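The structure under discussion appears below in the form of structure tokens.
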Number of protein chains: 2
Amino acid sequence: MLNESPSLDRVFHALADSTRRAMVERLALRPMSVSELASPFAMSLPAVMQHLAVLEESGLVRSHKAGRVRTCRIDTETFGLVERWTADCRSEWEGRLDKLEDYINTLKGQQK
Amino acid sequence: MLNESPSLDRVFHALADSTRRAMVERLALRPMSVSELASPFAMSLPAVMQHLAVLEESGLVRSHKAGRVRTCRIDTETFGLVERWTADCRSEWEGRLDKLEDYINTLKGQQK
DNA sequence: ATAATACTTAAGTGCATGCTTAACGAATCA
DNA sequence: TGATTCGTTAAGCATGCACTTAAGTATTAT
């Protein structure tokens, strides 16, 4: 706990932008080229490239170039980081609630 | 899909900072006052307050003041937003992989 | 009444982010 | 070969972010 985790910083930051989330959603459907990925967005290609760079640095997306076309795909592994962190938090407070419930049940038991 | 979702923007942005994640982790253990929440961090109280404001605006944390002490607690509901978005993405690409697997199985069937 | 506690507000600073346009590089097509 | 297509690099700009210090305001304790 109290982990600095710069990689979680990068992943959450990458997902904190609706354009980048939409890119991730598109890539969840299937891998695609940069220009196909960019097509629905009302911004310049360089802007899309910068978003793509953020996604790649976070580990959420990988890409490789063949000829003049770069194909991008989701890296499913990095998604696990987010899922794991949220699950850990949840289990922490649910554990706490369970203990509270146990305590209440103990009180009820004593009343009888 | 292709949802703008400013609330997801806010939630992910709130979680994209290790101090704020640590605050969430602390509050997952139990509700606490601002100064207790702030105690492990090597920064000024106003800085902590600003992080708290970001967390509250995202919906991840609620607080109320009694006398001179403000007590903060996690709002578990907003966590669901993150869990739901990631689960939706995952099911999208897993659905795709299932379909690919089906297709491969069909090919195998044809070979026999 | 005084002092200490617990937060709050305001203002300022340096650096990061999300775009833009303009120019360039390299692979494919006619 | 010369023109397109697909992507990349560079520079610049407005805005936002994560702090800081300094100076408040209530509340509670002595």
Side-chain angles (χ1 to χ4, degrees), chain A residues 2-27 30-73, chain B residues 2-27 30-73:
Chain A
L2 277 172
N3 191 348
E4 290 278 312
S5 190
S7 54
L8 272 179
D9 281 20
R10 278 187 238 109
V11 172
F12 279 121
H13 170 247
L15 295 176
D17 180 283
S18 57
T19 301
R20 286 194 292 263
R21 280 198 309 282
M23 288 170 74
V24 166
E25 289 168 9
R26 274 173 78 65
L27 292 176
R30 61 195 160 76
M32 57 186 77
S33 72
V34 171
S35 37
E36 187 183 359
L37 179 60
S39 59
F41 304 112
M43 66 179 68
S44 65
L45 240 204
V48 171
M49 296 281 301
Q50 283 166 31
H51 284 303
L52 187 56
V54 171
L55 287 170
E56 291 214 49
E57 279 154 32
S58 78
L60 285 167
V61 167
R62 278 175 305 124
S63 73
H64 86 283
K65 199 165 179 176
R68 64 182 168 179
V69 50
R70 175 176 298 279
T71 305
C72 313
R73 70 188 63 243
Chain B
L2 278 172
N3 191 348
E4 290 278 314
S5 190
S7 54
L8 272 179
D9 282 21
R10 279 186 238 109
V11 172
F12 279 120
H13 170 248
L15 295 176
D17 179 283
S18 58
T19 301
R20 286 193 291 263
R21 280 198 310 282
M23 287 170 74
V24 166
E25 289 169 9
R26 275 173 76 65
L27 292 176
R30 61 194 161 75
M32 57 185 78
S33 72
V34 171
S35 38
E36 187 184 358
L37 179 60
S39 59
F41 303 113
M43 65 179 68
S44 65
L45 240 202
V48 171
M49 296 282 300
Q50 283 166 32
H51 284 303
L52 187 56
V54 171
L55 287 170
E56 290 213 49
E57 278 153 31
S58 78
L60 285 167
V61 168
R62 279 175 303 124
S63 74
H64 87 284
K65 199 164 179 176
R68 65 183 168 180
V69 50
R70 176 176 297 279
T71 304
C72 312
R73 70 189 63 242

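Heavy-atom basis, side chains included; hydrogens, waters and symmetry copies ignored. All figures in this text were calculated on a predicted structure; none of them were measured in a lab. Letters A, B, ... mirror the listed sequences (proteins, then strands); counts begin at 1.
Residue B:Glu36 contributes atom CD, which lies 13 Å from atom C1' of C:dA6 at whole-angstrom precision. To the nearest angstrom, P of C:dG18 lies 10 Å from CG of A:Leu55. Atom CZ of B:Phe41 is separated from atom C1' of D:dA18 by 14 Å (rounded to the nearest Å). As rounded to whole Å, 13 Å separates atom P of D:dG16 from atom CD of B:Glu57. The distance from atom CG of B:Leu52 to atom C1' of D:dC17 is 17 Å, rounded to the nearest whole Å. In this structure, CG of A:Asp9 is placed 15 Å from P of D:dC17, rounded to the nearest angstrom. Regarding B:Met49, its CE atom lies at a distance of 14 Å from the P atom of D:dT20, rounded to whole Å. A straight line from NE2 of B:His13 to C1' of C:dG18 spans 13 Å, rounded to a whole angstrom.
When each of A:Leu52, A:Thr71, A:Val69 is paired with A:Val34, the side chain to side chain contact (heavy atoms under 4.5 Å, CB included) condition holds for A:Leu52 and for no other. Exactly one of B:Met23, B:Arg21, B:Gln50, B:Arg10 qualifies for a side chain to side chain contact (heavy atoms under 4.5 Å, CB included) with B:Leu55. That residue is B:Met23.
Residues forming a side-chain hydrogen bond (donor to acceptor under 3.5 Å, both in side chains) with A:Arg20 (at least two apart in sequence, or on another chain): A:His51. For B:Arg30, the side-chain hydrogen bond (donor to acceptor under 3.5 Å, both in side chains) partners two or more places apart in sequence, or in a different chain, are B:Glu36. B:Ser44 meets the side-chain contact (heavy atoms from CB on, under 4.5 Å) test with B:Pro46, B:Ala47; sequence neighbours excluded.
Residue pairs meeting the salt bridge (charged side-chain N to carboxylate O under 4.0 Å, His left out) criterion with at least one partner in residues 40-53 of chain B, sequence neighbours excluded, do not occur; the list is empty.
The distance from atom OG of A:Ser63 to atom CD of A:Glu56, rounded to the nearest 0.5 Å, is 3.5 Å.
Proximity of a side-chain donor or acceptor of A:Arg62 to a complementary backbone N or O of A:Arg73 within less than 3.5 Å is not detected.
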- Query: How does each nucleotide of nucleotides 21-30 of chain D score, in 5' to 3' order, for protein heavy atoms under 4.0 Å: base (B), sugar-phosphate only (S), or none (-)?
  - Reply: BB----BS--

- Reading DNA chain D 5' to 3', what string of ( ), [ ], | and . shows its pairs, if Watson-Crick and G-U wobble pairs count only when both distances fall under 3.5 Å? |||.|.||||||||||||||||||||||||

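Between B:Ser35 and C:dC7, a side-chain N or O to OP1/OP2 separation shorter than 4.0 Å is present. Put simply, A:His51 has a side-chain N or O that comes within less than 4.0 Å of OP1 or OP2 on C:dC19. Within the 4.0 Å cut-off from OP1 or OP2 of D:dC6, not a single side-chain nitrogen or oxygen of A:Lys65 is found.
Taking the side chain of A:Val69 as heavy atoms from C-beta on, and the options D:dG7, C:dA6, D:dA18, the nearest nucleotide is D:dG7.
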